[in-house]
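Read the numbers this way: they start at 1 and go in the same order the structure lists the ligands and their atoms.
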Amino acid sequence: MKKFLVAPSVLAANFARLEEDLTMVNNSQADWLHVDIMDGRFVPNISFGQSLVKVMDSICEKTIDVHLMIEEPEKYVSSFVDSGADVLTFHIEATNHAHRLIQQIKSMDVKAGIAINPQTSVDVLDDILENLDLVCVMSVNPGFGGQKFIYRTLDKLKKLKTKIIERNLNTKIEVDGGVGLQNAEAILGAGADVLVAGSSVFKSDNPIETISRLKGIQVANYDI
Ligand code: DX5
Ligand code: ZN
């Protein structure tokens, strides 16, 4: 069976009882905590900044997976590493110097990832794939939780997975947006290694059980 990780997205948590929600994540089978940073410029929404990430890191025992949806990510990567990021991902559409930024993140002993928007082809990663620990394939337009999964993403996943297998790389594929029990099997079959799930986890009646059901999905072979 294929191994994969589940990363609840804290954007969908109840911030009035953040500690409780993060304790739930600690007690669950979740592997990572996905943390969305939005600047109101790269995306039309603002979330929160470094100080809250620090608080989350002090409570959450899981790997902190920071997803920067911000312009000029080069200005902020070191402060997010200082705040507790274990995995740090920025958008290819937000910088002209992705290669340099990846080196910079890795030099701080943090896993480095690149996210791509729905309109961005996986081909733009051809000359940098070797350097990446993670590719975050957006399956919604970034900026908001609770949106509908864009099904065209499955073809992108298959294409990217094929490149990664052909080149014998360890790069993980993360899928972010609209992921839940209804489509997780298809997403894993198309090649995903990390499922980000916000609303489908935190807005469910029993988040711990939802995480455990996601973790329990069995995929024997990739559908690529
Ligand atoms: C979207 C964010 C996602 C979001 C996922 O801009 O990057 O990580 O939190 O939320 P759901 O799972 O509700 O689509
Ligand atoms: Zn995200």
Side-chain angles (χ1 to χ4, degrees), residues 4-15 18 21-22 24-25 28 30-49 52-53 56 60 62-71 73 76-77 80 83 85-94 111-120 132-154 156-157 172-188 192-205 207 210-211 213-215 217:
F4 62 93
L5 308 176
V6 170
S9 175
V10 75
L11 191 68
N14 181 342
F15 281 74
L18 185 59
D21 280 4
L22 292 179
M24 177 283 290
V25 173
S28 76
D31 301 281
W32 292 0
L33 181 75
H34 185 81
V35 178
D36 287 318
I37 308 299
M38 303 176 181
D39 67 351
R41 292 175 64 215
F42 181 72
V43 287
N45 195 11
I46 297 176
S47 60
F48 46 82
L52 202 54
V53 177
M56 291 171 179
C60 187
K62 309 282 177 167
T63 294
I64 304 293
D65 170 37
V66 173
H67 176 194
L68 298 178
M69 284 162 275
I70 63 175
E71 296 286 356
Y76 302 96
V77 290
F80 280 100
S83 307
D86 300 302
V87 182
L88 191 51
T89 298
F90 61 87
H91 271 262
I92 191 93
E93 302 87 358
K111 301 265 184 249
I114 287 184
I116 55 170
N117 279 340
Q119 89 278 3
T120 302
L132 303 180
D133 295 306
L134 182 98
V135 176
C136 173
V137 177
M138 292 306 301
S139 40
V140 297
N141 285 294
F144 303 91
Q147 303 181 78
K148 261 186 74 177
F149 183 84
I150 299 170
Y151 271 87
R152 177 76 174 77
T153 311
L154 294 179
K156 289 175 82 173
L157 295 176
K172 283 188 187 345
I173 303 180
E174 180 176 67
V175 181
D176 188 11
V179 177
L181 285 164
Q182 75 292 350
N183 55 15
E185 194 176 334
I187 295 167
L188 291 167
D193 305 292
V194 186
L195 299 178
V196 174
S199 321
S200 66
V201 165
F202 285 100
K203 312 281 190 230
S204 70
D205 291 340
T210 304
I211 294 168
R213 286 177 64 195
L214 282 168
K215 282 293 287 185
I217 294 171

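Ligand 1 has an N or O atom lying under 3.5 Å from an N or O atom of Gly198, backbone or side chain. Between Met38 and ligand 1, not a single N/O pair is under 3.5 Å apart. Polar contact check, Gly146 against ligand 1: a nitrogen or oxygen pair lies under 3.5 Å apart.
The two atoms that bring Met56 and Phe15 nearest to each other are CE-CE2, 3.7 Å, heavy atoms only. Considering every non-hydrogen atom in both Phe144 and Leu11, the closest pair reads C-CD2, 4.4 Å. Smallest separation of non-hydrogen atoms from Val179 and Val196: CB-O, 3.2 Å.
Atom OD2 is the N, O or S atom of Asp176 at the shortest distance from the Zn ion (ligand 2).
Defined by atom type and a distance below 3.5 Å, a donor-acceptor pair is present between the side-chain atoms of His34 and Asp36.
Nearest protein neighbour of atom 9 (O) of ligand 1, counting heavy atoms only, is Asp36 OD2, 2.6 Å. At the top of the distance list for atom 1 (C) of ligand 1, counting protein heavy atoms only, stands Phe144 O, 3.5 Å. For atom 13 (O) of ligand 1, the nearest non-hydrogen atom of the protein is Ser199 OG, 2.4 Å. Ranking the protein heavy atoms by distance from atom 6 (O) of ligand 1 puts Gly143 N, 2.7 Å first.
In this structure, Gly177 is part of the shell of residues with a heavy atom less than 4.0 angstrom from ligand 1.
Relative to atom 3 (C) of ligand 1, the option among Val10, Asp176, Asn141 with the closest non-hydrogen atom is Asp176.
Residue Lys215 places its NZ atom among more than 12 non-hydrogen atoms of other residues, nucleotides or ligands, all under 6.0 Å distant. Residue-environment remark: NZ (Lys172) stays at or below the threshold of 12 foreign heavy atoms within 6.0 Å.
No donor-acceptor pair closer than 3.5 Å links the side chain of Thr210 to the backbone N or O of Val201. In terms of modelled atom types and a separation under 3.5 Å, the side chain of Lys156 and the main chain of Thr120 share a donor-acceptor contact.
When each of Ile64, Asp65, Leu68 is paired with Val35, the side-chain contact (heavy atoms from CB on, under 4.5 Å) condition holds for Ile64 and for no other.
Near Met138, the atoms of ligand 1 lying under 4.0 angstrom from a non-hydrogen atom of the residue are 7 (O). In the vicinity of Pro142, heavy-atom distances shorter than 4.0 Å reach the ligand 1 atoms 6 (O). In the vicinity of Gly145, heavy-atom distances shorter than 4.0 Å reach the ligand 1 atoms 10 (O), 13 (O). Within the listing of ligand 1, atoms 6 (O), 7 (O) sit less than 4.0 angstrom from a heavy atom of Met69. The ligand atoms of ligand 1 that sit less than 4.0 angstrom from a heavy atom of Leu11 are 9 (O). Atoms of ligand 1 lying under 4.0 Å from at least one heavy atom of His34, given by number and element, are 8 (O). Numbered from 1 in the order shown, with element, the atoms of ligand 1 that lie under 4.0 Å from a heavy atom of Gly178 read 11 (P), 12 (O), 14 (O). Each of the following atoms of ligand 1 lies closer than 4.0 Å to a heavy atom of His67: 7 (O).
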Task: Test log, rule side chain to side chain contact (heavy atoms under 4.5 Å, CB included), inputs Leu5 and Asp193 - done: CA-CA 6 Å; Leu5 308 176; Asp193 305 292; over 6 Å; no

Open item on the list: Pair Phe149, Gln182 - check side chain to side chain contact (heavy atoms under 4.5 Å, CB included), show working.
Closed with: CA-CA 10 Å; Phe149 183 84; Gln182 75 292 350; 5.8 Å; no

Open item on the list: As a quick check of understanding, evaluate side chain to side chain contact (heavy atoms under 4.5 Å, CB included) for Val53 and Phe48, giving each step before the final call.
Closed with: CA-CA 8 Å; Val53 177; Phe48 46 82; 4.2 Å; yes

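The Zn ion (ligand 2) forms the vertex of an angle spanning OD1 of Asp36 and ND1 of His67; to the nearest 10 degrees it equals 90°.
Contacts between Ser9 and ligand 1, counted as non-hydrogen atom pairs separated by less than 4.0 Å, involve the side chain only.
Within the 4.5 Å cutoff, side-chain heavy atoms of Asn117 are placed close to those of Pro142.
Taking backbone and side-chain atoms together, His34 has an N/O/S atom less than 2.8 Å away from the Zn ion (ligand 2).
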